[in-house]
Chemist: 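Input: one structure, supplied below.
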Protein chains: 2
Amino acid sequence: MSTAFISEETLLSYGATFKKVNKGDLIFMEGGAACFYYQLVEGRVRWVNINEDGREFIQVMIEPGESFGEFPLFDDQPYAASAIADDDCVLLRLHKTNFHQMLRSNYDIHFNFTRLLVSRLRFKFLTLRELAYNNPEQRISTMLNYYKRLRGIEQKPCKLHLTRQQLADMTGLRVETVIRTIRTLHERGRLTIQRGKVFY
Amino acid sequence: MSTAFISEETLLSYGATFKKVNKGDLIFMEGGAACFYYQLVEGRVRWVNINEDGREFIQVMIEPGESFGEFPLFDDQPYAASAIADDDCVLLRLHKTNFHQMLRSNYDIHFNFTRLLVSRLRFKFLTLRELAYNNPEQRISTMLNYYKRLRGIEQKPCKLHLTRQQLADMTGLRVETVIRTIRTLHERGRLTIQRGKVFY
DNA sequence: TGTAAAATATGACCCCAATCATATTTACCC
DNA sequence: GGGTAAATATGATTGGGGTCATATTTTACA
């Protein structure tokens, strides 16, 4: 997933437009209606659920080239999660109608899109099993692993830009627990930590 | 999802064949290679991950008309989970090659298939958030809710054929906890329980 | 350079679900 | 009908992660 999921030229040819958003901006909100396909060009986006008490659960961390918020385009249901700019971002967005036209007229794009959904589902299958049964140590390790695999990173260790809080929001743990856990993992040489970064 | 996802006639016209399996039989195994698209005609299938210690995590309970095990057909990766017959079952299976031919030649089937994946992803999004943050009571209630919604059941209460153990395997809880929790939920009139059944 | 905010860190306490043991009830099937 | 396995039930104990309080370090930015 290092290159764009659908090439920028293709998206532009179907009428997509660029959009800039600032760090912390809400791109769309859980429960709202959708009319755009989004693809990230630059920056990072948190695709999250926000609880009543303000806690976040990060469903997917979106990296450049990846798409997000596509569910409503297929079933006309509201967004399943909110998208928040984790950094200053540049997005490409394509209107629903044009998106469907693109799928209909291009089998390969449609097929690749299906494949993307499959890879997201695999990720969810793995995460779910992990959350259900394992302790913080395993949860964190496996989450880092899946996170790498999801975007096809092979080398080890690699630098993942995640704060302790974000790691907590991805694993359903508390910051304090994440801090304590990655410290012991670090001491055992399983990973390296820096402020805002984890090397795994 | 009360009717078949792809009609039996359509599948048969593309060369699908019927297959019978007995209760408890393994239909395919996590990690194995795939060459078939499966659709359930009769019975029930548990789509599960099995831990080293033998514990199961039920990813999806498959009901008649639903498909399962499609991931490898799109990415040539191994199965993400095992399929086990929860009852005596009748399946329809279609060879990979024919499946792809079907998608290529029929846009609507392809689109509906994508939509199915989206609905599964929504289900996973919701479950994941639930597992990450909530207590047994909420986990169970929400799981029952999502389980109903996933297959479009509207009436309330409806009879769900789930044992305490299966409910535990879906929520990552222990049987004892499920038993204690649904008892209190029952006492508070939130649901009705029977042996092997939950009315919700 | 100084100040505020964000991120990281650490200790003490507690609650709740896991665990273990054991019992009872219901279904199955020869 | 009787024997066996599966499902359900319940009590006692415990440990691990949540919670709360507080401190330190780093970054941002005026």
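Keep in mind that the numbers below use all heavy atoms, side chains included, and drop hydrogens, waters and symmetry copies. First the proteins, then the strands, lettered A, B, ... as listed; each starts at 1.
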Chemist: Looking at every strand, decide which applies to B:Arg195 at a 4.0 Å heavy-atom threshold: base, sugar-phosphate, or nothing.
Modeler: base
Chemist: CD of B:Glu176 versus P of C:dT24: gap in Å, rounded?
Modeler: 17 Å
Chemist: Quick one: A:Glu56 CD to C:dA6 C1', roughly how many Å, whole number?
Modeler: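 Atom CD in A:Glu56 sits about 15 Å away from atom C1' in C:dA6.
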Chemist: Of all nucleotides in DNA chain D that come within under 4.0 Å of a heavy atom of chain A, which is furthest toward the 5' end and which toward the 3' end?
Modeler: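 Going 5' to 3' along DNA chain D, contacts run D:dG17 to D:dT27.
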Chemist: Hey, does the side chain of B:Lys20 reach the backbone of B:Asp88 with a donor-acceptor pair shorter than 3.5 angstrom?
Modeler: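 Pair absent, no side-chain N/O of B:Lys20 close to backbone of B:Asp88.
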Chemist: Report which part of the nucleic acid A:Arg180 touches: base, sugar-phosphate, or nothing (heavy-atom distance under 4.0 Å, all strands).
Modeler: base
Chemist: Can you list, by chain and residue number, the hydrophobic cluster partners of B:Val175 when the side-chain cut-off is 4.5 Å?
Modeler: B:Ile179
Chemist: Within this structure, what is the CD1-to-P distance between B:Ile179 and C:dA17, rounded to whole angstrom?
Modeler: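 In whole Å, C:dA17 P lies 15 Å from B:Ile179 CD1.
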Chemist: Map B:Leu162 and A:Leu173 onto DNA chain D by nearest heavy atom, then report which one ends up closer to the 5' terminus.
Modeler: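 Its nearest nucleotide being more 5', the pick is B:Leu162.
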Chemist: Rounding to an integer number of Å, can you tell me how far B:Asn135 CG sits from C:dA18 C1'?
Modeler: 15 Å
Chemist: A:Ile193 CD1 to C:dA7 C1': how many Å, rounded?
Modeler: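 Taking CD1 of A:Ile193 and C1' of C:dA7, I get 12 Å after rounding.
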Chemist: Test your reading of the model: is there a side-chain donor-acceptor pair from B:Ser67 to the backbone of B:Gln39, 3.5 Å cut-off?
Modeler: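 Such a contact is absent between B:Ser67 side chain and B:Gln39 backbone.
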Chemist: Backbone N or O of A:Tyr133 within a donor-acceptor pair of the A:Arg139 side chain at under 3.5 Å?
Modeler: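 Side chain of A:Arg139 to backbone of A:Tyr133: no pair is present.
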Chemist: Whole angstrom is fine here: how far is it from CG in B:Asp53 over to P in C:dA18?
Modeler: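 Rounded to the whole Å, the gap is 13 Å.
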Chemist: OP1 or OP2 of C:dT19 less than 4.0 angstrom from a side-chain nitrogen or oxygen of B:Arg174, does that happen here?
Modeler: yes
Chemist: With the side chain counted from C-beta on, respond yes when B:Asp86 and B:His161 share a heavy-atom pair under 4.5 Å apart, and no when they do not.
Modeler: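 The answer is no, as the side chains (C-beta and beyond) never meet within the 4.5 Å cut-off.
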Chemist: Please check if the side chain of A:Asn98 supplies one atom and the backbone of A:Phe36 the other of a donor-acceptor pair under 3.5 Å.
Modeler: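 No; judged by distance alone, with no hydrogens or angles, the pair does not exist.
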